[in-house]
Amino acid sequence: MADVPETLVLIGMGNPLLDISSEVKPELLTKYGLEPSNAILAEEKHMPLYAEMVKDYDVQYVPGGSALNTVRAANWLLGDKAHTGYFGSVGKDDNADILKHEANKEGVFTHFCVDDSKPTGTCAALITDHKRSLVANLAAAEAFKTEHVSSETAQAMLAKAKVLYVTAFFLTHSPDAAMELGKYAAEKNVPFVMNVSAPFLVQVPIFKERVLALFEYADYVFCNEHEAAALGEAMGWGADLGVVAQKTAALPKKNGARARRVIFTHGGEPAVLTGGDSPNVTRHAVVPLADGELVDENGAGDAYVGGFLAGLSLDEPIEKCFANAAYCAWTVIRRHGCALPADKEAKEVHGFSFP
């Protein structure tokens, strides 16, 4: 068993992917039937896209996948030591080595399930007008085995964690593993956080069913405005984000020790919060950007959640969690991809000073 860091406080579980990112012409989205500000799973018709991007555009390769981005951002904010851990499935190839090396270099303690029959997953990130369209070819990420969560190393990691996090992307292939994590959290009274991740996950009936099942274990639920709108439509709740958030908070819940909190991000608009100790809707501002500062939205939402979870793992007040979130998103949105600088910039956010 690998030595689990004593400093570990947060574990994420998701699809580890090597991101292939580039600014592209809008015609490329049209060619492959893609939309800005969206995320889909690759179909056969999308497979030539990856090679086409490499051939025709100046691409960047970045360790990614939504949950890995989130724990990377959390660890960056928490400091140099290994404060975060990660579960996911990779292939037995060079891309897996790159992912592990880069994640470990940033302080993330990885415990990968390795599948030698499929390559490590990749994700095309097509950027147009600062908006991203993600096309994920999960490959080995889909081969995660539920028993991996029961391994000796995984159990040692879970015993230290103060917060557990999973993205709904994971529900497309390994719902049992996600449910195991949720059940563990409820049994041990560890805050369990989930992210709806993409509109299709509440629009496709089988995935919607899995999302609603995992909601029952969720102490915190994150959505962006597009996912929240899709959820409201799928559930017949209407389009008002505040109403959708309140109804999501009121869904059945297994662990009665704490009421569910729901957070909807909204791009440059304030995030919506409801639940917890109040049914009221409150809004929490992001850091405004100066003209020309917006570079790439890809990864900003993941970083926002990472900042929030960093605070949650330290049991910081909710106001500080939102300040953390806004600071991390502000840092990432002014760079390409989910890039985290070596040195943190000084910034006052919601009355809190960073770094």
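Quick note: residue numbers are just sequence positions, from 1. Since this is a predicted model, take the numbers as computed values, not measurements.
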Show me the donor-acceptor pairs, under 3.5 Å and distance only, between side chains in residues 40-48 and residues at least two apart or in other chains.
unit_1, atom_1, unit_2, atom_2, d
H46, ND1, E43, N, 2.9
H46, NE2, Y32, O, 3.3

In residues 231-240, what donor-acceptor pairs under 3.5 Å come from side-chain atoms, sequence neighbours left out?
unit_1, atom_1, unit_2, atom_2, d
D240, OD1, G242, N, 2.9
D240, OD1, V243, N, 2.9

Taking only distance into account, with no hydrogens and no angle test, what donor-acceptor pairs under 3.5 Å do side-chain atoms of residues 116-124 form with protein atoms, sequence neighbours excluded?
unit_1, atom_1, unit_2, atom_2, d
S117, OG, D115, OD1, 2.5
T120, OG1, G91, N, 3.0
T120, OG1, D93, OD1, 2.7
T120, OG1, D93, OD2, 3.4
T120, OG1, A96, N, 3.4

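Applying the salt bridge (Lys or Arg N to Asp or Glu O under 4.0 Å) test to K247 and every residue at least two apart in sequence or in another chain returns nothing. Residues that satisfy the side chain to side chain donor-acceptor pair (under 3.5 Å) test with K253, not counting sequence neighbours, are D219. Every residue meeting the side chain to side chain contact (heavy atoms under 4.5 Å, CB included) condition with Q60, not counting sequence neighbours, appears here in chain and number order: V62, H336.
F215 contributes atom CZ, which lies 7.5 Å from atom CZ of R260 (distance to the nearest 0.5 angstrom). Distance CG/L8 to NZ/K81: 13.0 Å, rounded to 0.5 Å.
Side-chain contact between P341 and T331: present, with at least one pair of heavy atoms (C-beta onward) separated by less than 4.5 Å. With contacts defined as side-chain heavy-atom distances shorter than 4.5 Å, the pair I11/Y86 does not qualify. You'll find the side chain of V295 stays beyond 4.5 Å of the side chain of R335, heavy atoms only. Side-chain contact between N38 and F200: absent, with no pair of heavy atoms (C-beta onward) separated by less than 4.5 Å. Looking at heavy atoms from C-beta onward, I318 lies out of side-chain contact with H284 at the 4.5 angstrom threshold. Counting heavy atoms from C-beta on, the side chains of E35 and L29 never come closer than 4.5 Å. Looking at heavy atoms from C-beta onward, K25 lies in side-chain contact with Y57 at the 4.5 angstrom threshold. Considering only heavy atoms from C-beta on, Q246 comes within 4.5 Å of V281 through its side chain.
Within the cation-pi definition used here (under 6.0 Å to the ring centroid, within 45° of the axis), R72 does not qualify as a partner of W76.
Here the two rings, on F322 and F308, have centers that are under 6.0 Å apart. Checked against the 6.0 Å centroid criterion, the rings of F354 and Y327 qualify as a close aromatic pair.
Between E52 and K55 there is no salt bridge, since none of the side-chain N atoms of the basic residue sits less than 4.0 Å from a carboxylate O of the acidic one. Of the charged side-chain nitrogens involved, at least one lies within less than 4.0 Å of a carboxylate oxygen, so that K254 and E216 count as a salt-bridged pair.
Environment of CG in N189: crowded, with over 12 heavy atoms of neighbouring residues, nucleotides or ligands closer than 6.0 Å. Other residues, nucleotides and ligands contribute more than 12 heavy atoms inside 6.0 Å of the NZ atom of K160.
In the model, D302 has a side-chain atom that pairs as donor or acceptor with a side-chain atom of S66 under 3.5 Å. In this model, no donor atom of one side chain and acceptor atom of the other lie less than 3.5 Å apart for S89 and H148.
In summary, of the residues considered (L99, D19, N15), a side chain to side chain contact (heavy atoms under 4.5 Å, CB included) with L68 occurs for L99 alone. The residue from L171, V193, L214, N195 that alone fulfils the side chain to side chain contact (heavy atoms under 4.5 Å, CB included) condition with V166 is L214.
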